[in-house]
Every structure is written in structure tokens, then in C-alpha cells.
Asker: 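Just passing along the structure, written as C-alpha cells.
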Amino acid sequence: MKKVLTIAGSDCSGGAGIQADLKTIMAHKCYGMSVITALTAQNTTGVYGIENCSADFVKNQMDCVFTDIFPDAVKIGMVSSIEIIKAIAEKLREYNPKNIVIDPVMVSTSGNKLLKDDAINTLLNKLIPLAAVITPNLSEAEILCGFEINSKEDMHRAARKISKNYHGHILIKGGHLEEDANDLLFFDGKIHWFEEKKINNSNTHGTGCTLSSAIASNLALGYSVRESIQNSKDYITGALKENLNLGRGNGPLDHCYRM
Ligand SMILES: Nc1ncnc2c1ncn2[C@@H]1O[C@H](COP(=O)(O)OP(=O)(O)OP(=O)(O)O)[C@@H](O)[C@H]1O
Ligand SMILES: Cc1ncc(CO)c(N)n1
């Protein structure tokens with residue numbers, strides 16, 4: 001059994017964060033573990049509160065996982081504050097796991113801040129360099145590259161700019177583009193598009209969390225980065241097509257459809 005660790009925030013409504021990650025990891029028949037960085041009080045309509053875990057307790061959780069059941073891949077999502085980011089980076093350098101996927105979560109689907117403004121530089125300088133793959137959405141990529149992204153050409157320019165400081169795989173997700181849901185992979189100066197028609201479903205709460213934990217699961221299973229992204233995109237597309245409709249806002253995905 002391959003083991004996948006998610007380091008992320010909890011979403012009590014079960015659609016994003018740790019809960020989405022564990023459901024995704026299990027749907028890939030891997031063993032899921034979680035290090036919780038923050039508790040959020042949220043649902044399909046918004047985020048109503050955040051309680052950060054102390055940096056020491058994040059380290060304590062990471063020690064417990066890494067000294068006992070060493071993961072084959074690690075997904076990192078909401079990291080909340082400078083202290084937590086530094087704690088995670090320190091422990092990752094100590095244990096040196098393979099297949100680190102970072103979803104640089106900054107804002108929730110419902111528009112609430114999940115990363116403190118002053119923590120962006122620490123995320124960029126201390127954590128992102130440790131990743132094999134990063135998966136910014138359009139607004140996160142805009143913050144990382146410093147200009148607006150409105151088209152596929154802009155996505156390509158943004159990836160090139162981000163690659164000047166980060167040398168791993170950059171996947172810019174196009175889920176928020178007007179037309180298709182096309183994602184761009186940039187690595188070693190080369191690009192590859194993962195193309196998909198946009199599904200007419202507003203229940204997209206947790207798509208980013210799901211994609212990144214699916215990529216981590218596929219990497220743990222031994223697939224290449226490109227295969228892992230394609231498999232994960234297929235997984236998301238299938239889950240969106242199920243048309244689950246829960247809650248009063250942007251509802252979660254159906255993770256049961258392949259089980
Ligand atoms: N309506 C849709 N139809 C098809 N694919 C979609 C749709 N919305 C998002 N996706 C896909 O889902 C994945 C996640 O992308 P998205 O841009 O939504 O991430 P995100 O904004 O980080 O997610 P989150 O809303 O969880 O923060 C991408 O592969 C994207 O192309
Ligand atoms: C805990 C958590 N992580 C990530 C997201 C991004 O969708 C969210 N809404 N909540």
C-alpha cells in the first residue's frame with residue numbers, strides 16, 4: 001500500500017482541505033495521513049472562522065508521521081502563517097520525502113483569505129523550492145508572477161516568469177478561465193496543455209485540493225508527473241460530471257464515483 005500525507009487545513013463541511021484530500025487519497029487506493037495546520041469553520045457558502053495550529057504542534061504531528069509511517073508522497077495545501085510555513089519547511093528538510101506537491105492556497109473558492117498577506121514571501125522562498133510540482137490557480141499564479149492573467153498566452157508568460165525562481169514543475173490551473181478548463185504544465189522550458197471542456201457545474205468547492213492530492217497519490221503510485229496530472233484531471237472531470245449538489249453555495253465533489 002502506498003502512503004500519502006496531506007499537510008493542510010481542516011474544512012468541517014468536508015468539501016476542501018484535509019477532508020477532500022483524504023477522500024481523494026482513499027479513492028486512489030492509497031493510505032492517507034494528515035498533518036493539520038489550521039481548523040476552519042466553513043461550508044459551501046463561505047469561511048466563518050480560522051484557528052491556526054501552533055508551529056510546534058505542526059512539527060510534533062510531522063515527527064509522529066515521519067518517524068513511523070514514512071509517506072511516498074506529500075501534498076501541502078493551506079499553510080496559514082509564516083511560523084507554520086517555517087516549521088513545515090524545517091521538518092521537510094530534516095526528513096527529505098520524495099514527491100512533494102504544493103497547492104499554494106491563498107484564497108478559498110468563496111473568496112476568503114486562507115494565507116496571511118505577510119506569509120507569501122516565506123511560502124515562495126522557504127517552501128515552494130522543496131516541491132516537485134506546484135499547482136497555482138489563476139489568481140495565485142498572478143501573485144507569483146506579478147501580472148494579470150486573462151488568456152492562455154498570459155498563462156504561458158506567467159509560467160515562464162515563475163520558472164525564473166522555481167525550477168520544478170509548474171501547473172497553472174485554468175479552472176477559472178471563461179471558456180475551457182485547460183491547465184498548463186511548464187517544466188525545463190517546455191510546455192504541455194491538459195485540455196478539458198468546462199463542465200457546467202458550479203459545485204466546484206475543493207477542486208484545487210482534490211487535484212493536488214490526486215497528483216500526489218498518482219506520484220506515490222509510481223506514475224510520471226505528466227501521467228499523474230492527466231490521471232488527476234480525469235479524476236476531477238469524472239467527479240464534476242456526477243453533478244452532486246449539496247449545500248446552499250458552491251457544493252463539493254463526488255468522491256464516491258469510482259468506488
Ligand atoms: N467547471 C469545470 N469543468 C472542468 N474542470 C474544471 C472546472 N472547474 C475547475 N476544473 C478543473 O479543476 C482543477 C482545479 O482547478 P481550479 O482552477 O478550480 O483550482 P482552484 O481554484 O485552486 O480550486 P479551489 O476552488 O478548490 O480553490 C483544474 O484541473 C481545473 O481545470
Ligand atoms: C481548509 C481549506 N483549504 C483549502 C481551501 C481552498 O479551496 C479551502 N476552502 N479550505
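One-based numbering, in listed order, for ligands and for the atoms of each. All heavy atoms count here, side chains included; hydrogens, waters and symmetry mates do not. Each residue takes its place number in the sequence, starting with 1.
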Asker: Below 30° counts as parallel, above 60° as perpendicular, anything between as tilted: where do the rings of Tyr95 and Phe66 land?
Answerer: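 The rings of Tyr95 and Phe66 lie parallel, inter-plane angle below 30°.
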Asker: Rounded to the nearest 0.5 Å, how far apart are SG of Cys53 and CD of Glu83?
Answerer: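 That separation rounds to 12.5 Å.
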Asker: Given Ala141, Ser108, Gly208, Pro104, which has its nearest heavy atom closest to atom 23 (O) of ligand 1?
Answerer: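 Of the listed residues, Gly208 has the closest heavy atom.
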Asker: Using the side chain to side chain contact (heavy atoms under 4.5 Å, CB included) rule, pick out the option among Ile229, Asp103, Asn99 that qualifies with Ile215.
Answerer: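 Passing option: Ile229.
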Asker: Taking the non-hydrogen atoms of Ile236, is any one of them nearer than 4.0 angstrom to ligand 1?
Answerer: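 Per 4.0 Å heavy-atom rule, Ile236 contacts ligand 1.
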Asker: Heavy-atom distances under 4.0 Å decide this one: backbone, side chain, both or neither, for Leu114 against ligand 2?
Answerer: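 Side chain only.
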Asker: Does Lys173, backbone or side chain, put an N or O under 3.5 Å from an N or O of ligand 1?
Answerer: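 There is such a contact, yes.
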Asker: Please report which non-hydrogen protein atom sits nearest to atom 7 (O) of ligand 2, along with the residue it belongs to and the distance in Å to one decimal place.
Answerer: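 Checked against all protein heavy atoms, atom 7 (O) of ligand 2 sits closest to Thr109 OG1, 3.8 Å.
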Asker: Decide whether His205 and Asp11 meet the rule of one side-chain donor and one side-chain acceptor closer than 3.5 Å.
Answerer: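 Per modelled atom types, His205 and Asp11 side chains form a pair under 3.5 Å.
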Asker: Of the options Thr135, Leu184, Val225, which is the one that meets Leu171 in a side chain to side chain contact (heavy atoms under 4.5 Å, CB included)?
Answerer: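 Looking at Thr135, Leu184, Val225, the match for Leu171 under the side chain to side chain contact (heavy atoms under 4.5 Å, CB included) is Thr135.
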Asker: Among all protein heavy atoms in this structure, tell me which lies nearest to atom 1 (C) of ligand 2, with the distance rounded to 0.1 Å.
Answerer: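 Protein heavy atom with the smallest distance to atom 1 (C) of ligand 2: Gly9 O, 3.4 Å.
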Asker: Checking side-chain polar atoms at under 3.5 Å, does Asn218 have a donor or acceptor matched by the opposite partner on Ser228?
Answerer: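 Checked: Asn218/Ser228 side chains show no N/O donor-acceptor pair below 3.5 Å.
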Asker: Starting from atom 25 (O) of ligand 1, which protein heavy atom do you reach first, and at what distance in Å?
Answerer: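 Residue, atom and distance for the closest contact: Thr109 OG1, 2.7 Å.
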Asker: Does any non-hydrogen side-chain atom of Ile236 lie less than 4.5 Å from one of Lys233?
Answerer: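 Not in contact.
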Asker: Would you check whether Asn137 has a nitrogen or oxygen atom less than 3.5 angstrom from a nitrogen or oxygen atom of ligand 1?
Answerer: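 So ligand 1 has an N or O lying under 3.5 Å from an N or O of Asn137.
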Asker: Which is closest to atom 2 (C) of ligand 1 by heavy-atom distance: Leu240, Leu114, Leu138?
Answerer: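 Minimum heavy-atom distance to atom 2 (C) of ligand 1 goes to Leu240.
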Asker: What protein heavy atom sits nearest atom 2 (C) of ligand 2, and how far off is it?
Answerer: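 So the nearest neighbour among protein heavy atoms is Gln42 NE2, 3.7 Å.
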Asker: Under a 4.0 angstrom heavy-atom cut-off, which atoms of ligand 1 come close to Ala181?
Answerer: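 Heavy-atom distances to Ala181 below 4.0 Å select 4 (C), 5 (N), 6 (C), 31 (O).
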Asker: Evaluate Arg226 against Phe194 for side chain to side chain contact (heavy atoms under 4.5 Å, CB included), listing each step before the verdict.
Answerer: CA-CA 9 Å; Arg226 207 144 128 177; Phe194 296 90; 3.9 Å; yes
Asker: Please say whether Gly174 places an N or O atom under 3.5 Å from an N or O atom belonging to ligand 1.
Answerer: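 For ligand 1, there is no N or O atom that lies under 3.5 Å from one belonging to Gly174.
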Asker: Should Glu195 and Lys152 count as an ion pair when the cut-off is N to O under 4.0 Å?
Answerer: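 Yes, charged N to carboxylate O under 4.0 Å.
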Asker: I need the nearest protein heavy-atom contact for atom 18 (O) of ligand 1: residue, atom name and distance, please.
Answerer: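 Of the protein heavy atoms, Thr207 OG1, 2.9 Å lies nearest.
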Asker: Would Lys233 count as a polar contact of ligand 1, with the cut-off being nitrogen or oxygen pairs under 3.5 Å?
Answerer: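 Between Lys233 and ligand 1 (N or O atoms, distance only) the closest approach is under 3.5 Å.
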Asker: On a heavy-atom basis, which atom in Thr210 and which in Gly206 lie closest, and how many Å separate them?
Answerer: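 Closest approach of Thr210 to Gly206, heavy atoms only: OG1-O, 2.8 Å.
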Asker: What's the shortest distance from atom 3 (N) of ligand 1 to any protein heavy atom, and which residue and atom give it?
Answerer: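 Its nearest protein heavy-atom neighbour is Ile199 N, 2.9 Å.
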Asker: Run the contact test for Gly206 against ligand 1 with a 4.0 Å cut-off on heavy atoms, strictly below, and give the result.
Answerer: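 Contact present.
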Asker: Nearest non-hydrogen contact with atom 3 (N) of ligand 2 belongs to which option: Ser212, Cys12, Gly17?
Answerer: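 Result: the heavy atom closest to atom 3 (N) of ligand 2 is in Gly17.
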Asker: So between Glu140, His176, Glu195, whose heavy atom ends up nearest atom 21 (O) of ligand 1?
Answerer: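 It is His176 whose heavy atom sits nearest to atom 21 (O) of ligand 1.
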Asker: Considering only heavy atoms of Ser108, which atoms of ligand 2 have at least one such atom less than 4.0 Å away?
Answerer: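 Result: 9 (N).
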Asker: State whether the shortest distance between N or O atoms of Asp183 and N or O atoms of ligand 1 falls below 3.5 angstrom.
Answerer: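 N/O-N/O distance under 3.5 Å: yes.
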Asker: For Lys75 and Ser212, what are the C-alpha separation, side-chain angles and deciding distance, and is it a side-chain hydrogen bond (donor to acceptor under 3.5 Å, both in side chains)?
Answerer: CA-CA 7 Å; Lys75 172 252 155 94; Ser212 53; 2.9 Å; yes
Asker: Working note: Met78 + Ile18, criterion side chain to side chain contact (heavy atoms under 4.5 Å, CB included); need CA distance, chi angles, decisive distance, verdict.
Answerer: CA-CA 9 Å; Met78 175 183 176; Ile18 288 284; over 6 Å; no
Asker: Can you classify the ring geometry of Tyr235 versus His28 as parallel (below 30°), tilted (30 to 60°) or perpendicular (above 60°)?
Answerer: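 The arrangement is tilted - the two ring planes meet at 30° to 60°.
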Asker: Mind checking whether Cys209 has a heavy atom under 4.0 Å from ligand 2?
Answerer: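 Distance cut 4.0 Å: Cys209 passes for ligand 2.
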Asker: Of the protein's non-hydrogen atoms, which lies at the shortest distance from atom 9 (C) of ligand 1, and what is that distance?
Answerer: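 Heavy-atom neighbour on the protein nearest atom 9 (C) of ligand 1: Gly175 CA, 3.7 Å.
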